Amino acid sequence: MEKREALYAGKAKSVYLTDDPDRLVLHFRDDTSAFDGQRVESLARKGMVNNTFNAFIMGKLQAAGIPTHFDSQLSDTECVVKRLDMIPVECVVRNIAAGGLVKRLGVEEGSELNPPTFELFLKNDALHDPMINESLAETFGWATPEQLARMKTLTFQVNDVLKRLFLDGGMLLVDYKLEFGVFKGEIVLGDEFSPDGCRLWDAKTREKMDKDRFRQGLGGVIEAYEEVGRRIGIDFG
Ligand code: ATP
Ligand code: TYD
């Protein structure tokens, strides 16, 4: 497998073509962004930490029968993935109220959500990733009802696997965002799962161990990501 020219540079990752039309290389950069890219900083070791973290989680999800795009790790900061036709809809599950939900509905941060909620957002930075619903996604052709149903099922399956994994490490999986795409007609989990796209709290102290440390200027961002990883058995070398 040979890495070829860059296809796309996102806010945190760069995507490269390969000599295989069905495979891409994802390069996890040290760039960290928040507030729709209005704040960007480079955090040393972040690319390596998130690439290692994501590879571990994708392995766990694949082992649990969830189809993922992950193929193999290529280097400290790169992995090989299946090339998906990405669906521009982000799926968010929440177990505990935080972030946007607290702002939008005025509920208290930290309240348990039973049953967990499921939300859809349009992946569109210029519009600040607005919240959408199944009807809008169908009407505007972002995803079919069948695709949305499958994405919802898979997103909750991920919750079952990861809530347990993090709880075993003494952490609460507060919420997370997933992106899906289509590969040879099948809905497949794409993008990444790392502390950049989820909220994780220490189960006892409720200390934030995710990207909220960056958003809220709490410091110790990458140290927290590494601590999360260590607690679930990741060796960052
Ligand atoms: P955001 O931070 O909101 O996710 P972004 O586009 O800036 O947006 P990056 O993670 O920097 O995000 O960029 C990675 C890009 O690669 C994303 O647009 C993502 O949808 C896309 N992508 C991820 N996995 C795949 C895949 N398997 N096939 C094709 N594109 C993918
Ligand atoms: P949410 O609380 O709606 O937004 P914000 O983090 O901006 O307050 O996000 C819920 C979870 O999903 C949180 O862990 C962050 C993640 N997420 C992303 O990583 N990217 C996104 O574009 C969205 C909508 C959510």
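The analysis underlying the following values was restricted to heavy atoms, covering all of them including side chains, and did not include hydrogens, waters or symmetry mates. As the structure is a prediction and not an experimental result, all values here were calculated from the model. Just follow the structure's listing: the first ligand is 1, and inside any ligand the first atom is 1.
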All heavy atoms of N54 vs all of E192, minimum pair found to be OD1-CA, 3.2 Å
Counting only nitrogen or oxygen atoms and a 3.5 angstrom limit, does G100 reach ligand 2?
yes
Applying a strict 4.0 Å limit to heavy atoms, is E119 in contact with ligand 2?
no
Side chains of R39 and S33: any donor to acceptor distance under 3.5 Å?
no
Please write down residue, atom name and distance for the protein heavy atom closest to atom 28 (N) of ligand 1.
L84 N, 3.1 Å
Check whether any side-chain N or O of D30 sits under 3.5 Å from a backbone N or O of A44 as a donor-acceptor pair, and report yes or no.
no
Name the closest protein heavy atom to atom 10 (O) of ligand 1, giving the residue it belongs to and the distance to 0.1 Å.
K13 NZ, 2.5 Å
When you check the gap from the basic side-chain N to the acidic O, do R231 and E227 get nearer than 4.0 Å?
yes
Nearest heavy atom to atom 6 (O) of ligand 2: which of K103, R199, R104 does it belong to?
R199
Considering distance alone, does some N or O of L24 sit under 3.5 Å from an N or O of ligand 1?
no
Polar contacts were defined as any N/O atom of the residue lying under 3.5 Å from an N/O atom of the ligand; does this apply to H69 and ligand 1?
yes
Nearest-neighbour protein heavy atom for atom 14 (O) of ligand 2, which is reported as residue plus atom name and distance:
D175 OD1, 2.6 Å
Are the side chain of T139 and the backbone of L136 linked by a donor-acceptor contact shorter than 3.5 Å?
no
Sub-3.5 Å N/O-N/O distance, Y8 and ligand 1:
yes
Check each atom of ligand 1 against the heavy atoms of V81 and keep those under 4.0 Å away; list them by number with element.
27 (N)
For atom 20 (O) of ligand 1, closest protein heavy-atom neighbour:
E179 OE1, 2.9 Å
Quick check on contacts: which atoms of ligand 2 are under 4.0 angstrom from a heavy atom of G99?
2 (O), 8 (O)
Which of parallel (below 30°), tilted (30 to 60°) and perpendicular (above 60°) describes F118 and F156?
tilted
Looking just at side-chain N and O atoms, do Y225 and D196 make a donor-acceptor pair shorter than 3.5 Å?
yes
Candidates R29, E192, K123, M86; heavy atom nearest atom 30 (N) of ligand 1 found on M86
Atom 1 (P) of ligand 2 sits nearest the protein heavy atom R94 NH2, 3.5 Å
Pick, from E192, K123, E90, R215, the option with the minimum heavy-atom distance to atom 15 (C) of ligand 2.
R215
Considering non-hydrogen atoms of the protein only, which is the closest contact for atom 24 (N) of ligand 1, and what is the distance?
D191 N, 3.1 Å
Within the 4.0 Å heavy-atom cut-off, what K177 brings close to ligand 1 is side chain
Give the numbers and elements of all ligand 2 atoms closer than 4.0 Å to a heavy atom of C198.
14 (O)
In this structure, atom 17 (N) of ligand 2 is nearest to the protein heavy atom K177 CB, 3.4 Å
Flag K82 as yes when one of its N or O atoms lies below 3.5 Å from any N or O atom of ligand 1, and as no otherwise.
yes
Looking only at non-hydrogen atoms, the one of G181, G197, A12, G10 nearest atom 13 (O) of ligand 1 is G10
Are any of the side-chain nitrogens in K11 or D125 under 4.0 Å away from the carboxylate oxygens of its partner?
yes
Any side-chain to backbone donor/acceptor pair from N124 onto D129? Under 3.5 Å, distance only.
no
Does R164 pair with D168 as a salt bridge, N-O distance under 4.0 Å?
yes
Just distance, no hydrogens or angles: give the donor-acceptor pairs under 3.5 Å from side chains in residues 71-79, sequence neighbours left out.
| from | atom 1 | to | atom 2 | distance (Å) |
| --- | --- | --- | --- | --- |
| D71 | OD2 | R23 | NE | 2.7 |
| S75 | OG | T77 | N | 3.3 |
| S75 | OG | E78 | N | 3.2 |
| S75 | OG | E78 | OE1 | 2.8 |
| E78 | OE2 | K3 | NZ | 2.6 |

Scan the side chains in residues 83-101 for donor-acceptor partners under 3.5 Å anywhere in the protein, sequence neighbours excluded, and list what turns up.
| from | atom 1 | to | atom 2 | distance (Å) |
| --- | --- | --- | --- | --- |
| R94 | NE | E119 | OE1 | 3.4 |
| R94 | NE | E119 | OE2 | 2.7 |
| R94 | NH1 | A98 | O | 3.3 |
| R94 | NH2 | E119 | OE1 | 3.1 |
| N95 | OD1 | N159 | ND2 | 3.0 |
| N95 | ND2 | N159 | OD1 | 2.9 |
| N95 | ND2 | L173 | O | 2.9 |

Output, in order, the C-alpha distance, side-chain angles, deciding distance and verdict of salt bridge (charged side-chain N to carboxylate O under 4.0 Å, His left out) for K13 and D191.
CA-CA 9 Å; K13 301 193 288 301; D191 205 47; 2.9 Å; yes
Starting from atom 16 (O) of ligand 1, which protein heavy atom do you reach first, and at what distance in Å?
V15 CG2, 3.4 Å
When distances are taken from atom 7 (O) of ligand 1, the protein heavy atom at minimum range is K11 N, 2.6 Å
Check whether the side chains of T68 and Q62 place a donor and an acceptor atom closer than 3.5 Å, and report yes or no.
yes
